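Quantities reported herein were computed from a predicted structural model and do not represent experimental measurements.
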Amino acid sequence: MPTVGVKRDILFNALGRSYTDEEFDELCFEFGLELDEITSEKEIISREQGDSKASGASDVILYKIDVPANRYDLLCLEGLVRGLQVFKNKLEAPRYSRVSPTTGEVQRLIITKETAAVRPHAVAAVLRNITFTKERYDSFIELQEKLHQNVCRKRSLVAIGTHDLDTISGPFTYTAKPPGDISFKPLNQNKEYTASQLMSLYKTDSHLRHYLHIIEDKPVYPVIYDSNGVVLSMPPIINGDHSKISLTTKNVFIECTATDLTKAKIVLDVMVTMFSQYCSQPFTVEEAEVVYPDGKTCIYPELAYRKEKLTGEFINRKVGISEPTENIAQLLTRMCLLSQPTGAGDEIEVEIPPTRPDVIHACDIMEDAAIAYGFNNITRTTPRTYTVANQFPINKLTELLRQDLAAAGFTEALNFALCSQEDIADKLGKKISETRAVHISNPKTAEFQVARTSLLPGLLKTVAANRKMPLPLKLFEISDVVLKDETKDVGARNSRRFCAIYYNKSPGFEVIHGLLDRTMQLLEVKAAREQGYHIQAADDSTFFPGRCAEIFVHGKSVGRLGVLHPDVISRFELSMPCSALEMDIEPFLGHTAEALLTHDVPMRESIKHSLPRLGDSQQPLPAPPASTKTVFGDLKSQEGLKALNDFLADKSYMEGFVASQADASVFDAIPSTPTQTLQHLWR
């Protein structure tokens with residue numbers, strides 16, 4: 001929100017009374033503003049530059065007031081005072097009017113076709129017989145700067161030029177020329193410069209250097225001349241020194257050049273309505289004629305009033321009040337929206353003044369009625385509609401998985417959604433064109449060039465940053481990746497992924513495989529080729545050849561797991577083997593992640609397992625398979641059982657849960673319960 005700084009004593013003098021700080025804070029709140037800070041020029045300088053720099057600065061109390069970004073009419077003392085006076089019923093909203101000059105011809109601004117290449121639009125007006133004081137002059141300049149930073153978008157859309165009309169003569173010409181052909185003495189300089197020299201001069205200027213990029217690459221620069229060839233301004237950079245305004249200026253010529261004509265009209269209307277109160281005929285503005293390259297002429301400023309109609313029932317219903325139509329009309333009138341009942345039911349006719357370009361819909365009018373009524377005066381009521389909140393299914397699934405994956409001994413990591421192109425392509429042994437990555441158009445740093453298409457790089461970088469931690473490092477992350485998708489209206493979609501890595505002196509593929517089986521168990525997906533999940537060998541440049549498998553669920557690929565390629569590991573500055581798993585978890589919802597579910601997604605384990613726990617009564621074991629030969633040898637022999645026991649010596653299993661599919665096939669081959677001397681096998 002823009003912040004307007006006003007001197008307290010001048011503000012109170014204009015309001016016609018004094019307030020305590022608390023009273024004025026309350027008044028601002030009632031009007032929809034916020035008194036952000038009470039300070040002084042000396043205090044600001046002292047805080048920002050130190051006490052030594054603050055010596056001699058003013059001790060006058062300043063009010064810093066936060067103003068809504070769309071209320072351009074409140075960006076200066078004049079508009080703020082006018083709005084508060086009307087709000088407190090101490091003043092009627094003024095009527096702004098456009099008048100023809102009493103003597104002489106209408107001031108004319110002629111636009112040439114050359115301007116089409118840079119800033120094709122321009123509007124103009126005249127403030128006739130205006131009286132400036134030091135405070136009024138400062139407010140006039142400050143309003144220009146506030147508008148430049150706000151609606152003008154740092155002069156890229158609109159640039160305002162104000163000139164002493166008595167020092168120049170019309171008609172004026174708005175054209176565009178090569179930089180070398182433009183020469184004039186700019187504001188507050190003592191000699192003439194060409195446009196090219198000015199661009200070099202202002203590259204070190206703390207204020208103007210921010211606007212140079214708007215035109216510096218253009219073949220021609222915009223410039224405004226009077227009938228004698230005097231340069232008024234080179235928008236949007238600087239005005240000419242010849243026509244600068246001062247405290248003695250009586251007639252002000254205002255021109256606004258723009259790339260957006262609508263914004264230019266708004267800016268011109270705000271400038272003239274705020275300061276026309278200081279003209280000899282208050283709230284009147286002398287018109288100016290703008291001639292376009294095609295010969296079309298327009299008269300500015302428009303100062304257009306328009307009328308809207310809405311019902312009292314609409315406002316009462318939306319705000320949550322019950323006020324008569326007449327009262328609602330009075331509330332709107334207090335917000336500078338002159339309103340009156342039409343007599344047709346509860347219909348209200350609202351007149352929108354040129355100072356309120358923020359009113360574009362009936363909801364804007366309703367908002368002003370709510371502000372005038374007072375938000376604190378609205379009775380708190382129980383909503384008529386009762387609703388039951390429901391967690392988004394994909395987030396519910398994510399949270400449940402996080403808990404159980406942590407219980408399985410893995411630590412959760414949370415990484416940035418943006419990364420470098422190298423992270424998701426070169427380091428993983430892939431080409432960037434194959435990744436379907438969404439690119440940032442102008443990245444501020446090489447670390448944030450694209451939206452990530454895989455969670456794996458982030459986890460590997462996390463491991464690299466924690467290499468000094470005790471081994472093994474077991475990490476997981478469940479987050480979104482972003483992929484290009486032509487079927488979406490924005491051209492991309494989010495996909496919720498699950499990724500886990502195991503980093504140790506040995507690859508530990510069995511750990512990652514076991515985690516996959518545990519995850520499928522939690523998701524209630526059976527180990528079956530058609531109606532469940534299975535894995536099969538696959539080739540992927542990220543993984544070691546022959547050590548990669550693709551995960552299929554109900555016949556569709558959802559991810560991959562395997563031992564990472566040594567080159568991938570070394571590119572992330574790691575030195576030990578690593579296994580990884582990454583898969584999409586959205587297919588397990590049974591719906592797309594964007595669909596609303598009306599039932600809970602089952603996540604918790606509900607199947608009773610047949611494996612015995614300690615203390616359970618022994619149940620008769622199923623008949624062993626015909627063959628007892630495994631990769632460990634014949635499990636009928638003591639040598640085979642010992643080999644299996646040794647293998648299990650450094651493995652960890654969660655007691656009370658079903659073993660993995662690979663485990664089950666081995667244990668089924670054991671003919672009888674082993675003795676406790678083979679403690680790891682017995683466990």
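No side-chain donor-acceptor contact under 3.5 Å links R317 to the backbone of F314. Remark: side-chain polar atoms of D260 are paired, donor with acceptor, to backbone N or O of K263 under 3.5 angstrom. The backbone N or O of R209 lies less than 3.5 Å from no partner atom in the side chain of H213, so there is not a single donor-acceptor pair. Side chain of T259 to backbone of S156: a donor-acceptor contact under 3.5 angstrom is found. Counting only distance, with no hydrogens or angles, the side chain of H439 and the backbone of S441 share no donor-acceptor pair below 3.5 Å. The backbone N or O of N150 lies less than 3.5 Å from a partner atom in the side chain of R153, making a donor-acceptor pair. For E550 (side chain) and Q536 (main-chain N/O), no donor-acceptor pair under 3.5 Å exists by modelled atom type.
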| field | Stepwise ring-ring contact (aromatic ring centres under 6.0 Å, His included) test for F416 and F448 | value | CA-CA 9 Å; F416 291 117; F448 301 122; 5.3 Å; yes
| task | May I have the step-by-step check of salt bridge (Lys or Arg N to Asp or Glu O under 4.0 Å) for E582 and R560, ending in yes or no? | result | CA-CA 6 Å; E582 183 165 7; R560 294 189 176 184; over 6 Å; no
| field | R493 vs E586, salt bridge (Lys or Arg N to Asp or Glu O under 4.0 Å): CA-CA, chis, key distance, verdict | value | CA-CA 12 Å; R493 63 179 173 87; E586 291 184 5; 5.2 Å; no
| request: Test salt bridge (Lys or Arg N to Asp or Glu O under 4.0 Å) on R402 and E399 and set out the steps. | output: CA-CA 5 Å; R402 280 173 174 154; E399 292 300 325; 2.7 Å; yes
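Pairing each heavy atom of A369 with each of I315, the nearest pair is CB-CG2, 3.8 Å. Summarising the geometry of C578 relative to I569, their closest heavy-atom pair is N-CD1, 3.7 Å, with the distance given to 0.1 Å. The two atoms that bring I365 and E308 nearest to each other are CD1-CB, 4.1 Å, heavy atoms only.
Residues Y503 and L460 have side chains not in contact (no heavy-atom distance under 4.5 Å, counting atoms from C-beta outward). In this structure, D426 and I432 have side chains that are not in contact, with every pair of non-hydrogen atoms separated by 4.5 Å or more. Contact of the K484 side chain with the V438 side chain is registered, since non-hydrogen atoms from C-beta on lie closer than 4.5 Å. I478 has its side chain within reach of F476: a pair of non-hydrogen atoms, C-beta onward, lies under 4.5 Å apart.
No more than 12 heavy-atom neighbours from other residues, nucleotides or ligands sit within 6.0 angstrom of CG on D539. No more than 12 heavy atoms of other residues, nucleotides or ligands sit less than 6.0 Å from atom CD of E573. K430 NZ: more than 12 foreign heavy atoms inside a 6.0 Å radius.
A cation-pi arrangement is present between K474 and F410, with the terminal nitrogen or guanidinium carbon under 6.0 Å from the aromatic centre and inside a 45° cone about the axis. Relative to the ring axis of F572, K427 places its NZ or CZ within 45° and under 6.0 Å from the centre.
Between the side chains of E477 and S479, at least one donor N or O lies within less than 3.5 Å of an accepting N or O. For the residue pair S495 / D480, no side-chain donor-acceptor distance below 3.5 Å is found, with atom types taken as modelled. Inspection of the D66 and T3 side chains reveals an N or O donor paired with an N or O acceptor under 3.5 Å. A donor-acceptor pair shorter than 3.5 Å cannot be found between the side chains of S506 and N504. Side-chain atoms of S420 and D423 form a donor-acceptor pair, as typed in the model, at a separation below 3.5 Å. N395 and R496 share a donor-acceptor pair across their side chains, judged by distance under 3.5 Å alone.
Expressed to the nearest 0.5 Å, how far CG of L564 lies from CG of D540 amounts to 9.5 Å. Rounding to the nearest 0.5 Å gives a distance of 5.0 Å between CG of L581 and CD1 of I551.
Between F552 and H534, the angle of the ring planes stays under 30°, which puts this pair in the parallel group of the 30/60° scheme.
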